[in-house]
Amino acid sequence: MSDLRETRLEKARALEALGQTPYALSFAPSHRTAQLQQAHADLAKGEERSEPVAVAGRLMTRRVMGKLAFFTLADESGPIQLYIDKASLEAAHPQNPEIFSQITTLTDAGDWIGVHGTLKRTDRGELSVKVRDWQMLSKSLQPLPDKWHGLADVEKRYRQRYLDLIVSPHTRETFRRRALLVSSMRRWLDEREFLEIETPVLQSQAGGADARPFATHHNALDLPLTLRIATELHLKRLVVGGFERVYELGRIFRNEGVSTRHNPEFTSVEIYQAYADYHDMMALTETLIATCCQTVCGSTVIEYQGTSIDLTPPWTRATMHELVQRATGLDFNAFTSRAEAAAAMQAVDLVVPEAADSVGRLLVEAFEQRVESSLIQPTFVLDYPVENSPLARTHRSKPGLVERFELFIVGRETANAFSELIDPVDQRHRLEAQQERRRAGDPEAQTVDEDFIHALEVGMPPTGGLGIGIDRLVMLLTDSPSIRDVIAFPLLRPEVGSDAMR
RNA sequence: GGGUCGCUAGCUCAGCGGUAGAGCACUCGGCUUUUAACCGAUUGGUCCUGAGUUCGAAUCUCAGGCGACCCA
């Protein structure tokens with residue numbers, strides 16, 4: 001293994017001995033390879049064009065046969081073949097009779113090189129740059145992954161994402177789509193006069209969600225701090241301050257397990273619109289996501305893991321009660337006590353966790369056990385129990401419920417929205433109830449943020465609020481089975497005692 | 001936390017109780033139409049770690065480590 005590296009280092013030294021650098025300062029390509037492929041699509045087999053071009057990129061494969069060599073050079077736009085003919089290369093460099101053996105022996109797959117030349121389509125039909133001159137731009141000291149199998153080791157794909165990107169077009173496409181999704185989402189919001197305002201990541205009190213935060217510390221103030229678990233409470237303060245449409249798209253941190261659907265740092269967008277309720281936010285959600293899907297995928301009907309998903313609005317709307325009743329036969333509106341609901345659940349083989357200490361929490365349990373994973377096409381699930389939703393406004397007509405929806409696609413929660421609770425007295429009672437649960441041992445229960453309550457007392461207009469999980473949306477739009485496929489550098493346990501990272 | 005599977009050359013893998021293997025990559029030789037180039041030769045090993053069973057363990061057993069997937 002170190003032999004490979006040593007061999008390449010020797011080639012770098014050989015270049016230096018020839019008065020060339022293995023690490024160039026710059027190069028000026030005239031075209032990207034895809035431009036050439038497009039512009040010369042009409043060039044016939046065996047024909048040449050004398051138009052001079054300069055291209056740069058990474059050597060992917062090399063095929064040397066005596067006095068002729070074919071290299072594949074790839075830049076960001078794609079590959080092009082280099083046609084390296086000993087006779088014509090030497091004719092262009094009468095002072096350097098070794099030039100052909102230099103390009104064939106001092107280069108390796110993985111090197112960045114720049115070449116000048118003209119165009120030729122080979123007898124086999126491959127558009128090629130016929131090389132007149134070449135320059136090492138950056139000598140690679142490490143081998144590329146197996147050229148047939150690529151990076152089969154899933155862990156290595158995440159740990160050494162640069163290798164994955166080099167050899168996996170699908171991975172490159174995934175991160176292109178991710179960038180396109182984020183920019184198109186921002187553009188859509190900006191065009192509708194939503195302001196993106198950044199709120200603190202470092203907070204003395206993490207709030208806005210049921211989750212455990214990461215703890216850190218500020219030295220100068222000797223202050224314990226946590227990383228944010230949501231942007232909700234600060235964005236709402238901005239609405240109190242008079243910004244009627246605000247959002248923030250950014251990183252959230254939750255000190256939780258790692259799975260194919262969870263990474264401890266992930267990206268969300270939270271959107272708040274004054275004078276709107278959760279019905280307005282449903283319309284916004286389906287239009288926003290469908291628009292972004294159209295931009296990123298070119299259609300609102302997409303394929304995810306072999307299943308066709310239709311994101312064309314409008315999407316199905318159903319209450320949690322309806323969905324649970326349809327799936328289990330149980331009417332949770334009829335239960336008057338937890339014991340009654342628990343007995344009914346057990347009768348249909350539903351698990352009844354002790355922590356679910358109310359009819360409402362049991363309803364959510366039944367939903368999660370029997371409904372959630374079956375919601376493949378986009379579905380708005382409406383009207384959650386009040387005890388699970390301390391920041392949502394109580395339902396205008398259904399006692400015990402709040403005006404909240406979650407959006408499910410391919411069985412995954414993808415968005416969450418409320419008619420926001422703006423009544424400061426009710427809000428204090430709700431957060432105090434949460435704090436009581438926290439004292440009783442629930443580490444994810446929320447706390448009372450006095451300044452937030454104070455802001456509500458100053459006065460917040462009626463507001464609709466929405467949060468969308470960007471990573472899960474990217475998974476959907478890139479047909480990725482794991483959240484780690486859509487995060488460039490997902491959290492992994494650090495490697496110990498290995499030279500693989502050398 | 002529970003279950004299943006995996007860990008052997010730089011990479012992808014075979015070998016499953018009897019001398020450590022193949023393809024690719026690397027190095028050398030040959031080759032002016034290849035594109036997984038081809039032909040020939042050479043090089044390359046802590047078979048994840050430890051203990052046990054056995055005349056003999058990459059292979060069987062136990063414990064541990066790391067990882068993947070599923071479930072909670």
Side-chain angles (χ1 to χ4, degrees), chain A residues 1-11 14 33 37 43-48 59-74 78-91 100-101 103-111 120-131 139-160 163-164 166-168 256-262 305 350-356 365 368-369 372-373 411 480-485 490-502:
Chain A
M1 142 183 51
S2 64
D3 289 348
L4 293 175
R5 185 166 173 274
E6 188 53 41
T7 302
R8 288 177 174 223
L9 272 173
E10 275 168 21
K11 292 178 182 180
T33 64
Q37 299 280 11
L43 188 60
K45 282 181 185 175
E47 298 292 309
E48 300 194 27
L59 279 182
M60 301 306 291
T61 59
R62 302 180 335 122
R63 297 174 292 281
V64 181
M65 46 211 66
K67 300 183 179 66
L68 181 67
F70 299 95
F71 290 1
T72 305
L73 182 81
I80 195 162
Q81 180 167 269
L82 304 183
Y83 178 94
I84 307 164
D85 167 47
K86 184 167 191 277
S88 57
L89 190 61
E90 283 176 356
F100 182 78
S101 80
I103 192 172
T104 54
T105 61
L106 298 181
T107 58
D108 290 287
D111 291 349
K120 172 185 174 72
R121 190 174 296 281
T122 63
D123 297 346
R124 297 296 182 86
E126 186 76 35
L127 183 68
S128 309
V129 174
K130 185 172 177 183
V131 175
K139 183 70 195 167
S140 168
L141 303 182
Q142 296 284 346
L144 289 180
D146 191 290
K147 65 182 171 187
W148 300 349
H149 306 92
L151 264 193
D153 182 342
V154 181
E155 185 192 356
K156 193 166 242 177
R157 281 195 4 230
Y158 301 143
R159 285 197 193 279
Q160 298 178 250
L163 291 181
D164 185 28
I166 290 168
V167 299
S168 311
E256 294 167 350
V258 170
S259 78
T260 51
R261 293 178 300 280
H262 298 89
Q305 302 293 294
L350 283 158
V351 178
V352 179
E354 210 167 313
E365 274 297 329
E368 288 175 354
Q369 289 176 44
E372 200 171 290
S373 64
S480 299
S482 169
I483 196 169
R484 288 176 167 181
D485 296 326
L491 182 73
L492 299 169
R493 194 186 300 277
E495 264 186 321
V496 288
S498 166
D499 63 355
M501 301 299 284
R502 186 196 51 200

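Hydrogens, waters and symmetry mates are skipped; everything else that's a heavy atom, side chains included, is used. Because the structure is predicted, anything quoted here is derived from the model rather than measured. First the proteins, then the strands, lettered A, B, ... as listed; each starts at 1.
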Asker: Determine the interatomic distance between P on A25(B) and the same-named atom on U12(B); round to the nearest Å.
Answerer: 15 Å
Asker: Could you tell me whether Arg484(A) contacts a base, only the sugar-phosphate backbone, or nothing, with contacts defined as non-hydrogen atoms closer than 4.0 Å?
Answerer: sugar-phosphate
Asker: Starting at NE2 of His262(A) and ending at C1' of C70(B), how long is that distance when rounded to a whole Å?
Answerer: 15 Å
Asker: Taking only the P atom of each, what is the distance from C48(B) to G30(B) in whole angstrom?
Answerer: 40 Å
Asker: Once you apply a heavy-atom cut-off of 4.0 Å, does Lys45(A) come out as touching a base, just sugar-phosphate, or nothing?
Answerer: nothing
Asker: Is there side-chain contact between Leu163(A) and Gln142(A), with at least one heavy-atom pair below 4.5 Å?
Answerer: no
Asker: Under 4.0 Å between any heavy atoms, over every strand shown, what does Ala87(A) touch: base, sugar-phosphate, or nothing? Just pick one.
Answerer: base
Asker: Please determine, for the side chain of Arg159(A), which listed nucleotide (C70(B), A68(B), G67(B)) has the closest atom?
Answerer: G67(B)
Asker: Quantified in whole Å, what is the P atom distance between nucleotide C60(B) and nucleotide G15(B)?
Answerer: 12 Å
Asker: Please report the distance separating the C1' of U19(B) from the corresponding atom of A57(B), rounded so that it comes out in whole Å.
Answerer: 14 Å
Asker: Could you write nucleotides 2-9 of chain B as a row of B, S and -, 5' to 3', where a protein heavy atom under 4.0 Å of any base atom gives B, of only sugar-phosphate atoms gives S, and otherwise -?
Answerer: --------
Asker: What interatomic distance, in whole Å, is found between P of A41(B) and the corresponding atom of C55(B)?
Answerer: 42 Å
Asker: In this structure, which stretches of RNA chain B are paired as stems of three or more consecutive Watson-Crick or G-U pairs, both distances less than 3.5 Å?
Answerer: B:1-7 with B:65-71, B:10-13 with B:21-24, B:27-30 with B:38-41, B:48-52 with B:60-64
Asker: How far does the P atom of G21(B) sit from the matching atom of G44(B), given to the nearest Å?
Answerer: 13 Å
Asker: Counting heavy atoms from C-beta on, name the nucleotide in U27(B), A68(B), U33(B) closest to the side chain of Phe70(A).
Answerer: U33(B)
Asker: Please classify the nucleic acid contact of Thr72(A) as base, sugar-phosphate, or nothing, using heavy-atom distances under 4.0 Å.
Answerer: nothing
Asker: Does the pair Asp108(A)/Arg62(A) count as a salt bridge with the N-to-O cut at 4.0 Å?
Answerer: no
Asker: May I ask you to check if Lys130(A) and Tyr83(A) form a cation-pi contact, with NZ or CZ under 6.0 angstrom from the six-membered ring centre and within 45° of the axis?
Answerer: no
Asker: Provide, to the nearest angstrom, the distance between the CZ atom belonging to Arg63(A) and the P atom belonging to G30(B).
Answerer: 21 Å
Asker: What's the verdict on side chain to side chain donor-acceptor pair (under 3.5 Å) for Arg63(A) and Gln81(A), showing C-alpha distance, side-chain angles and the deciding distance?
Answerer: CA-CA 11 Å; Arg63(A) 297 174 292 281; Gln81(A) 180 167 269; 3.0 Å; yes
Asker: Could you check which of U33(B), U27(B), C69(B) has an atom nearest any side-chain atom of Asp123(A)?
Answerer: U33(B)
Asker: Look at the side-chain N and O atoms of Lys156(A) and state whether any lies under 4.0 Å from the OP1 or OP2 oxygen of C66(B).
Answerer: no
Asker: Taking NZ from Lys120(A) and C1' from U32(B), how many angstroms apart are they, rounded to a whole number?
Answerer: 10 Å
Asker: Okay, side chain of Ser259(A), backbone of Arg261(A): is any donor-acceptor separation there less than 3.5 Å?
Answerer: yes
Asker: Could you give the distance separating A58(B) and U46(B) at their P atoms, to the nearest angstrom?
Answerer: 14 Å
Asker: Separation of Ile483(A) atom CD1 from C69(B) atom C1', in whole Å?
Answerer: 17 Å
Asker: A25(B) C1' sits how many Å from Gln142(A) CD, rounded?
Answerer: 13 Å
Asker: When you compare the side chain of Phe71(A) with that of Thr61(A), does any pair of heavy atoms fall below 4.5 Å?
Answerer: no
Asker: Output yes when a side-chain donor or acceptor of Thr7(A) lies under 3.5 Å from a complementary backbone atom of Arg5(A), and no otherwise.
Answerer: no
Asker: Given G30(B), is OP1 or OP2 found less than 4.0 Å from the side-chain N or O atoms of Lys67(A)?
Answerer: no
Asker: Please give, in whole Å, the distance from U33(B) C1' to Leu127(A) CG?
Answerer: 15 Å
Asker: Between Ser482(A) and Glu126(A), which has a closest nucleotide on RNA chain B that is more 5'?
Answerer: Glu126(A)
Asker: Donor-acceptor check, side chain of Lys139(A) to backbone of Leu106(A), threshold 3.5 angstrom: yes or no?
Answerer: yes
Asker: The side chain of Glu155(A) is closest to which nucleotide in this list: C26(B), U32(B), G67(B)?
Answerer: G67(B)
Asker: Let me spell it out: for each of Lys86(A) and Thr61(A), pick the nucleotide of RNA chain B with the closest heavy atom. Which residue's pick is nearer the 5' end?
Answerer: Lys86(A)
Asker: For a 4.5 angstrom cut-off between non-hydrogen side-chain atoms, does Glu368(A) reach Glu365(A)?
Answerer: yes
Asker: In terms of side-chain heavy atoms of Val64(A), which of C31(B), U27(B), G10(B) is nearest?
Answerer: C31(B)
Asker: Is a side-chain donor or acceptor of Thr72(A) paired with a backbone partner of Met60(A) at a separation under 3.5 angstrom?
Answerer: no
Asker: Would you mind reading off the distance between Leu4(A) atom CG and G45(B) atom P, rounded to a whole angstrom?
Answerer: 12 Å
Asker: Write down the distance between CD (Glu6(A)) and C1' (G44(B)), rounded to a whole number of angstrom.
Answerer: 16 Å
Asker: Have a look at Lys120(A) and tell me which of Glu48(A), Glu47(A), Glu126(A) forms a salt bridge (Lys or Arg N to Asp or Glu O under 4.0 Å) with it.
Answerer: Glu48(A)
Asker: For nucleotides U59(B) and C16(B), find the distance between their C1' atoms and express it as a whole number of Å.
Answerer: 4 Å
Asker: Can you find a side-chain donor-acceptor pair between Arg8(A) and Ser140(A) that sits under 3.5 Å?
Answerer: yes
